[in-house]
Amino acid sequence: LVRLRARLSRSQNTLGKGLLTLLSREHLDEETWEEVEDTLLTADVGVAPTQELVERLRERVRVLGTRTPEELRGLLRAELLELIGPDEDRSVHTEGGLDVPAVVMVVGVNGTGKTTTTGKLARVLVADGRSVVLGAADTFRAAASDQLQTWGERVGARTVRGPEAGDPASVAFDAVKEGIAEGADVVLIDTAGRLHTKTGLMDELGKVKRVVEKHGPVDEVLLVLDATTGQNGLVQARVFAEVVDITGIVLTKLDGTAKGGIVVAVQRELGVPVKLVGLGEGADDLAPFEPEAFVDALIG
Ligand code: GDP
């Protein structure tokens with residue numbers, strides 16, 4: 001965790017440092033506030049949250065009068081934390097039922113890190129003493145099932161897979177069936193994320209969910225979003241949110257961008273919390289999203 005935090009700060013703290021430098025100017029004129037806005041927008045915070053934050057900062061700074069660096073840091077920390085939502089429930093629900101495993105669907109556009117995230121999540125759960133079955137329902141991308149199975153072998157989870165280009169819903173159904181038969185705690189279902197036809201995606205993801213629900217409820221639908229794709233990622237996120245009820249966001253590749261403001265933007269966009277963050281390609285590079293640690297990394 002300490003290592004992850006270090007990596008997070010390395011990639012993120014330009015935003016907070018930039019803001020602190022601007023706010024430390026003796027005279028905060030209109031131009032400076034515009035620079036504050038630009039800094040936030042460049043970090044992908046999004047227009048509406050940026051305006052809100054700047055308005056609140058202006059008011060707080062006005063009330064404060066002269067500012068010590070510590071006061072500024074505290075003020076910025078509090079306002080950023082408020083924007084991110086310190087009190088959201090960010091736990092991934094994997095309790096399941098009496099005789100049915102918890103079911104977690106992992107959805108998102110291809111290339112965002114869906115399969116990797118599914119594998120990393122399996123690892124976290126297995127390390128926690130839970131038994132996991134993986135469902136390779138991304139039958140569209142040829143290598144996805146192999147990739148998931150490799151993760152499964154690595155972490156100690158059985159992978160249920162179907163024929164190439166087979167029916168994703170049937171693989172998902174079989175995976176949960178296998179999970180029930182084995183008395184597994186959690187079934188993680190990796191899904192396909194081709195976006196070019198929205199109706200196709202809608203039919204497919206909706207069908208996967210409905211078919212799985214014949215066994216029992218789906219506990220989580222996690223949307224995987226690549227933090228480096230900025231506003232494009234947000235547009236994609238919206239499409240997914242229209243076709244299936246998202247319960248949490250996994251923001252991947254945060255190690256590869258200083259634009260951590262996307263956390264704020266995507267939560268606003270979807271109205272669901274970021275629950276996990278990906279901070280690298282390795283098996284241990286998935287971490288719970290902790291608003292306080294994140295803001296500390298932003299401010300540096
Ligand atoms: P999928 O098509 O959505 O299933 O995407 P993959 O899981 O195959 O991931 C696509 C690429 O992104 C792979 O090279 C992964 O190693 C990489 N990747 C996934 N998550 C992260 C992350 O958090 N950080 C970095 N740097 N790379 C990641």
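Order of listing sets the numbers, starting from 1, for every ligand and every atom in it. Below, all heavy atoms of this structure are taken into account, side chains as well, without hydrogens, waters or symmetry copies.
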>> Ignoring hydrogens and geometry beyond distance, is a side-chain donor-acceptor pair present between N232 and T229 at under 3.5 Å?
In response: no
>> Any heavy-atom pair between the side chains of P101 and D185 that's under 4.5 Å?
In response: no
> Of all the atoms in ligand 1, which lie at a distance below 4.0 Å from a heavy atom belonging to V109?
Replying inline: 3 (O)
> Evaluating non-hydrogen atoms only, which member of D255, V224, T228, V107 is closest to atom 24 (N) of ligand 1?
Replying inline: D255
> Does ligand 1 have any atom sitting under 4.0 Å from a heavy atom of G256?
Replying inline: no
>> Taking 4.0 angstrom as the limit and counting only heavy atoms of T115, give me the atoms of ligand 1 inside it, by number and element.
In response: 1 (P), 4 (O), 7 (O)
> Relative to atom 17 (C) of ligand 1, which among E281, K120, K114 owns the nearest non-hydrogen atom?
Replying inline: E281
>> Is there a polar contact, in the sense of an N or O pair closer than 3.5 Å, between Q147 and ligand 1?
In response: yes
>> Judged on heavy-atom distance to atom 21 (C) of ligand 1, which of G108, G278, G280 sits nearest?
In response: G280
> Would D190 and T115 count as having a side-chain donor-acceptor pair, cut-off 3.5 Å?
Replying inline: yes
>> When you compare the side chain of V272 with that of Q267, does any pair of heavy atoms fall below 4.5 Å?
In response: no
> Just checking, any donor-acceptor pair under 3.5 angstrom between side chains of E220 and T247?
Replying inline: yes
> So does K209 pair up with E213, basic N to acidic O under 4.0 Å?
Replying inline: yes
> Should the proximity of L279 to ligand 1, defined as any heavy atom under 4.0 Å, be assigned to the side chain, the backbone, both, or neither?
Replying inline: backbone
> Counting from 1, what ligand 1 atoms have a heavy atom of R141 closer than 4.0 Å?
Replying inline: 1 (P), 2 (O), 4 (O), 8 (O)
> With atoms numbered from 1 as shown, which atoms in ligand 1 lie under 4.0 angstrom from a non-hydrogen atom of T116?
Replying inline: 6 (P), 7 (O), 9 (O), 15 (C), 19 (C)
>> Please determine whether salt bridge (charged side-chain N to carboxylate O under 4.0 Å, His left out) holds for the pair E82 and R56, giving the CA-CA distance in whole Å, both sets of side-chain angles, and the decisive distance to 0.1 Å.
In response: CA-CA 11 Å; E82 187 57 36; R56 284 214 303 268; 5.8 Å; no
>> Using modelled atom types and a 3.5 Å cut-off, is there a donor and acceptor pairing between side-chain atoms of H215 and backbone atoms of F173?
In response: yes
> Under 3.5 Å, N or O to N or O, is D190 touching ligand 1 that way?
Replying inline: no
